[in-house]
Amino acid sequence: SGMNGTAIENFVCVIFNVSFMNCTWHVGRTASGETQYYLYWRNSRKEDFTGCQNYIKDIYGRHTGCRFQNVTIENKVADFLINGSRKKVLLICCISNYIVAEILTPPLNITVNCTEASHGCEIQWQPPRTSHVKRHGCFKYEIVIENK
């Protein structure tokens with residue numbers, strides 16, 4: 001329900017440093033200054049929705065994002081619910097089965113072992129820590145070697 005143009009736009013959630021998630025959005029084009037938005041999310045349909053505790057605000061004090069900590073998403077998909085209100089009128093928007101992107105950390109424990117005898121180097125590493133990827137064969141790596 002609600003007036004046209006008051007729904008949020010450009011909703012994006014990104015996980016970083018394995019367990020932190022930032023969700024951001026733009027205020028609806030016709031939303032007035034007193035319009036306020038509230039974000040809730042859940043990892044699976046078996047769980048209850050969890051409300052945002054740390055909102056990002058614009059210069060008018062409207063919620064335009066949220067910072068979550070200790071996030072785990074099992075399969076990159078989560079459900080989000082955004083309630084908006086304006087002068088005691090409730091506006092509801094539900095974003096279901098939303099795919100969450102993740103900014104990965106660099107690979108871990110990188111070692112380089114070069115020998116003169118073989119005129120080559122062996123480079124080893126461990127996959128980056130991630131919030132949801134269980135199969136490390138999913139990763140592809142690109143190595144850039146600079147001769148100095």
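The aromatic ring centroids of Phe80 and Tyr40 lie 6.0 Å or more from each other.
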So Ile143 and Ile123, side chain to side chain contact (heavy atoms under 4.5 Å, CB included) or not? Walk me through it. CA-CA 9 Å; Ile143 299 173; Ile123 304 170; 4.2 Å; yes
Do Trp125 and Leu108 pass the side chain to side chain contact (heavy atoms under 4.5 Å, CB included) test, and can you show the C-alpha distance, the side-chain angles, and the key distance before you say yes or no? CA-CA 6 Å; Trp125 61 86; Leu108 304 170; over 6 Å; no
Check the pair His26 / Phe11 against side chain to side chain contact (heavy atoms under 4.5 Å, CB included), numbers first and verdict last. CA-CA 7 Å; His26 294 137; Phe11 182 77; over 6 Å; no
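Side-chain polar atoms of Asn109 and Gln126 form a donor-acceptor pair below 3.5 angstrom.
For the pair Val14 and Phe20, the minimum side-chain heavy-atom distance is 4.5 Å or more. Residues Tyr38 and Ile82 have side chains not in contact (no heavy-atom distance under 4.5 Å, counting atoms from C-beta outward). For the pair Tyr37/Cys66, no side-chain contact is recorded, criterion being any heavy-atom separation below 4.5 Å from C-beta on. When side chains are defined from C-beta on, Val27 counts as touching Thr64, because their heavy atoms get closer than 4.5 Å.
Among residues two or more places apart in sequence or in another chain, the side-chain hydrogen bond (donor to acceptor under 3.5 Å, both in side chains) test is passed with Arg42 by Asp79.
For the atom pair CD of Gln69 and CZ of Arg67, the computed distance is 10.0 Å after rounding to the nearest 0.5 Å. Distance check: Trp25 CH2 to Ile56 CD1 gives 7.5 Å after rounding to the nearest 0.5 Å. Here the CG-CG distance, from Asn22 to Asn54, works out to 9.0 Å after rounding to the nearest 0.5 Å. Annotation: the span from Ile15 atom CD1 to Phe68 atom CZ amounts to 11.0 Å, rounded to 0.5 Å. Note that the SG atom of Cys52 and the CE atom of Met21 stand 9.0 Å from one another [nearest 0.5 Å]. Note: Ile8 CD1 to Thr35 OG1 = 12.5 Å, rounded to the nearest 0.5 Å.
Residues Pro107 and Tyr141 share a closest heavy-atom pair of CG-CE2, 3.9 Å. Between Pro128 and Pro106, the shortest heavy-atom contact is CB-O, 3.7 Å.
Looking at Asp58, its side chain does come within 3.5 Å of a backbone N or O of Gly61 through a donor-acceptor pair. One N or O on the side chain of Tyr55 and one on the backbone of Leu39 form a donor-acceptor pair closer than 3.5 Å. The main-chain N or O of Gln36 is never found under 3.5 Å from a side-chain atom of His63 such that the two would form a donor-acceptor pair.
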